[in-house]
Structure formats: structure tokens, C-alpha cells
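FYI, side chains are in, hydrogens and waters are out, and symmetry mates aren't considered; it's all heavy atoms of this structure. All values derive from a computational prediction rather than experimental measurement.
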2 protein chains.
Amino acid sequence: MAAEVHEGMAEVRNIDTRERILDAAERLFMAHGYDGTSMRQITGDAGVNLAAVNYHFGSKEALMQEVFRRRLDWLNEERMRMLDEMEAGSGGQPLKPSQIVDGFFGTLLRMADDEKRGGLTFLRLLGRTLTEPSEFIRTFLAEEYAHVLERYKAALFRALPDVPKAEIVWRFHFMLGATSYAIAGTDALRVVTDWGIEEGDSVDRLDRLLPRLMSFLLGGLRAPLPQFAAAEGEQQAARAA
Amino acid sequence: MAAEVHEGMAEVRNIDTRERILDAAERLFMAHGYDGTSMRQITGDAGVNLAAVNYHFGSKEALMQEVFRRRLDWLNEERMRMLDEMEAGSGGQPLKPSQIVDGFFGTLLRMADDEKRGGLTFLRLLGRTLTEPSEFIRTFLAEEYAHVLERYKAALFRALPDVPKAEIVWRFHFMLGATSYAIAGTDALRVVTDWGIEEGDSVDRLDRLLPRLMSFLLGGLRAPLPQFAAAEGEQQAARAA
DNA sequence: CTATGATTCAAACGAACGTATGAATCATAT
DNA sequence: ATATGATTCATACGTTCGTTTGAATCATAG
């Protein structure tokens, strides 16, 4: 079925083809979504034959999965490695929330500067895909992520023993959303209209986005616990200053 | 072109058809996305003829826009109304951040309990659409939102005079992301795996989600300002506790 | 009761979709 | 040099897509 990998410096042709397809698919999926991108666009952009995708990957779905696997394998290994390292250096003590958040979200954002790991394009694709409707994509991502999420959740539980676990999971979820938007398009809603009057900082200034996002995430993660209204019926908004 | 609206109690047939189409489209766009939903699915689910969409709305794109307009018109008017009301009652003083955040995001989340305004289905659709790739959707939403966003941004500028405007806009953006995830599926990444051991609180418990989200958003909004690394080159992670 | 315009309906349009096929072309090992 | 298997290629398949058409059906006004 699949091509056998030979040794030697050969294999330039098909490796090139595979990579070109993956690059084009990454770019187009990011720009137009999975359903909005056709095989003919992908192969056209990549400069390869239409049949090449099915030959090398089997199907469009399998291509999409490979687009993610190519990047996520490294990302999740790096996240695990950082957690291992931090926990090894903490002498059995719980980690600081800022360390954990940086390990998970900081590692992600720092990918944006690494063009050979997909850079901003992949980050945007990922940000948009987490809310994508396509069932098989979310299922695939959930499986790819599961063990990493479990370990980071566990680390947060230990770091914040006084915060109910359900609360931590929700806030992890909120942090994912904030990060997703931070990278998904950054002009998602053109909130951006007229902001950068003074400064010339936009998406590409990752060195400014990262501290900004980190402050926000940590502020949210460590916010006072919510007060649930005791009464049922219509819920009260939290008016506490 | 368009059907003329007569007086009287008639018009039951086409009004029904229009609403049935909008309801089905809202549900299906939420579940499978714009590109992933076909006209035949929509009309089939709605129990109307295939041609009905083009007759009543003109095109699939126009249908999508109407799906949003039907809900957003009310939402944005309500948001404006709340801001007017709060500013009228503040005696010229800046509003509290919690008031502003509740006006914008609280009003949105409270829609989920209002089934006749789309309820959770529309909220999820909206949450997922903000990151959707389809150009025309984002353009449309940006236009529909623009004036509301401007007013809320201005209110935040006034409420937080010591925070740089660019910082506020970024944090607004982050808040949008967190909220989007809070409503988009809530199992976006199955972060949820095993959390609710103790409590039975899930998406449907809006009365618990709202205070939770509000705490997080306000914590993020009022977090300490980020420290930008002075040096250029590779950026340092914010390691400050 | 009949005329009129709005709405519904079955059917079809051409275009684009993902995938499959079998022959041509290439690189390598013998 | 030739055989072999991997890869590329042009082409076609069957489906499904959004949209259009013209006749049938409905509700109302005169």
C-alpha cells in the first residue's frame, strides 16, 4: 500500500510532493476551512497532480489529520518535556500556575516564530479548528490532545488545591478560548478597527502578544471564585465590583 | 421580487415556511458549519421544498445572513439599551468594568435561556462562527457588530483610564475568545473528560456558567499589565509569578 | 365565481466535488 | 542494460452541490 522508505539521499521527489501538499493544505485549510477547501485547490497550489493526495495520504480526511499530526506531535512532546522538567526541578512541590500556563500556552505561542514548525499559519489553523463543526476533526484532536490535557489539568489541580476541580477545568476551557482567538485571526471580529494608533503592534509581534496573553490568562485563572446565586429562577449577574 | 406583506391574519403559510427554514438552518449550521450544510438538508429538515430557500431568501449566503440578523438585531439593541441605561444612571462617572462586561457578555449568555431568541443553539452557532473561515460571514458579522463594539470599547477606555488602549482592545479580544468557547460546544476539546465528578453542572446550567465566566473575564481584564522584555531577538516567557 | 398574485412543487441545469483507474515516467538494484 | 517498483499523470466516474424553471396550487380581492 504505502510507499516503502528507502535509505540514501533519494526519495526527493515524493518527499517533496508530500511536504508541498501538506504546506498547501495547511495554508488553505487555515484560510477557507476544511469543507471550503477542495482537493483541486490544494493540488493546484502545491503544483502536483490531483491524484497525488489520494496516493500519498489516502483521502482528504487523512490529509487533514496528517496536517495536524505533523505539528502536534512536536508540540505535545515539547509540552510534556517542559512539564517533566519543571516538575523535576520543583523538589516535589506543586508548580506555580504561571509555570503551568506558560508550559501549555506559551509553548504553543512560541511555535509561531518557528516557521519550520508551521509558524503563524498552523497556529491560526489550530485556533480555528478547535471550534470547527466537522466531527472527525474534533474527535481526532481530542484523542491527540487527551494525555497532554490530563497531565496539565492534574498539575493545575495540585497547584491550586483550594480551587474546586470543576472550576479549574472551566477556566482551562476559557483559557483555551482566549488563546484560540489570540492566534486564530486576531482580526476575528475586526475589534481591531482603530486601535494601534500609537504603537505598531499587530499579530506578527509575537514577543508582545505572548506577555499580553499570559497576563490575561493568569488573571482569569486566579480570579476570585464566582458567587453562585442561591435562588433558582432567573439568574443574577455577578455585580460584584 | 420579494413577497408583499398583506394585512390580516393570513400569510400563515409563507411565514411558517420562512421561520421553519431559519430554524432548521440555525440548527444545521451550528452542527455542521456553513459549508458542511447543504440546501437539501436544510429544506429536508424544515419540511419544505428545495426551492423555498431561494424563493424566500435568494441564496444560501443570504439565508445565513438572515439567520444571524434575526438574533443579532435584538441582541445588539439590548446591549445598546443596557449601556444607555447604565450610563444614564452613573451621573457622568465612568462605569465599573463589571457593569460593562456584564452588559456585553452577560446579555449574550442570558440569551441562552431564551428559547424564542435562539437559545443555546444560536449561541453555539455564533461562538463557532466568529472563527469561521468563510470570508463573507466574518465581513457581515463585523459590520453588524461594529457600532456596538465601538461603544463598549469606548466605555472600557473610560472605565480604565490608566490602561493603554491597545491593551484594552487585546483583552476585549481575549474575552471574546473565552466567551466563544464557553458557549461554542463546551466540549470543544473534551477538556471535559472526567471533571464533573462531584457536581452535575454542564452547559445547560447557564446560571452557573455565567458567574463562572464573569469571574474569569474580569480577572483577565483587570490583571496586572504585562512586562515586555526590553531586548529583541528571541522573546522571554513571562516567568513572573 | 373568477381573476390575480403569492407560494409551492417536481424536475432539471451545469458545475464542482472526492475518488479511482490504468498507462506513462522515473529512480534504483541487479 | 534491464527489470522492478514507486510515483506521476491525464482522464473519467458517480455524486452532490446551489440554483433555476415553469407549471400546479393556494389565498385573497373584486
Across all chains, not counting sequence neighbours, the side-chain hydrogen bond (donor to acceptor under 3.5 Å, both in side chains) partners of B:R40 are none
So, using side-chain hydrogen bond (donor to acceptor under 3.5 Å, both in side chains) as the criterion, who are the partners of B:D73 when residues are at least two apart? none
Roughly, in whole Å, what's the span from [atom1] in [X] to [atom2] in [N]?
X     : N      : atom1 : atom2 : answer
A:K60 : C:dA16 : NZ    : C1'   : 12 Å
B:R18 : C:dA6  : CZ    : P     : 15 Å
A:H32 : C:dC17 : NE2   : P     : 12 Å
A:Q41 : C:dC17 : CD    : P     : 7 Å
A:D35 : D:dT16 : CG    : P     : 15 Å
A:Y55 : C:dA24 : OH    : P     : 18 Å
B:M39 : D:dT15 : CE    : P     : 22 Å
A:M64 : C:dG18 : CE    : P     : 13 Å

Below the 4.0 Å mark, does D:dC17 have OP1 or OP2 next to a side-chain nitrogen or oxygen of B:S38? yes
Is the phosphate of D:dT8, meaning OP1 or OP2, less than 4.0 Å from a side-chain N or O of A:H56? yes
Would you please name every residue forming a salt bridge (charged side-chain N to carboxylate O under 4.0 Å, His left out) with B:R79, sequence neighbours left out? none
Go through the structure and list residues passing salt bridge (charged side-chain N to carboxylate O under 4.0 Å, His left out) with A:E85, not counting sequence neighbours. A:R81
Under-3.5 Å N/O pairs linking protein and nucleotides 20-23 of chain C:
none

Just compare D:dT19, C:dG18, C:dT8 and give me whichever is closest to any side-chain atom of B:S59. D:dT19
Considering only D:dT19, C:dC17, D:dT8, which nucleotide approaches the side chain of A:R40 most closely? C:dC17
Classify A:T37 by what it touches in the nucleic acid, base, sugar-phosphate, or nothing, heavy-atom distance under 4.0 Å. sugar-phosphate
Could you check whether B:K153 makes a cation-pi contact with B:F104, meaning its NZ or CZ is under 6.0 Å from the centre of the six-membered ring and within 45° of the ring axis? no
As a quick check of understanding, evaluate side-chain contact (heavy atoms from CB on, under 4.5 Å) for B:T43 and B:N49, giving each step before the final call. CA-CA 6 Å; B:T43 51; B:N49 187 271; over 6 Å; no
Pair listing, ring-ring contact (aromatic ring centres under 6.0 Å, His included) test, anchored in residues 105-127 of chain B, at least two apart: B:F68-B:F122, B:F105-B:F172
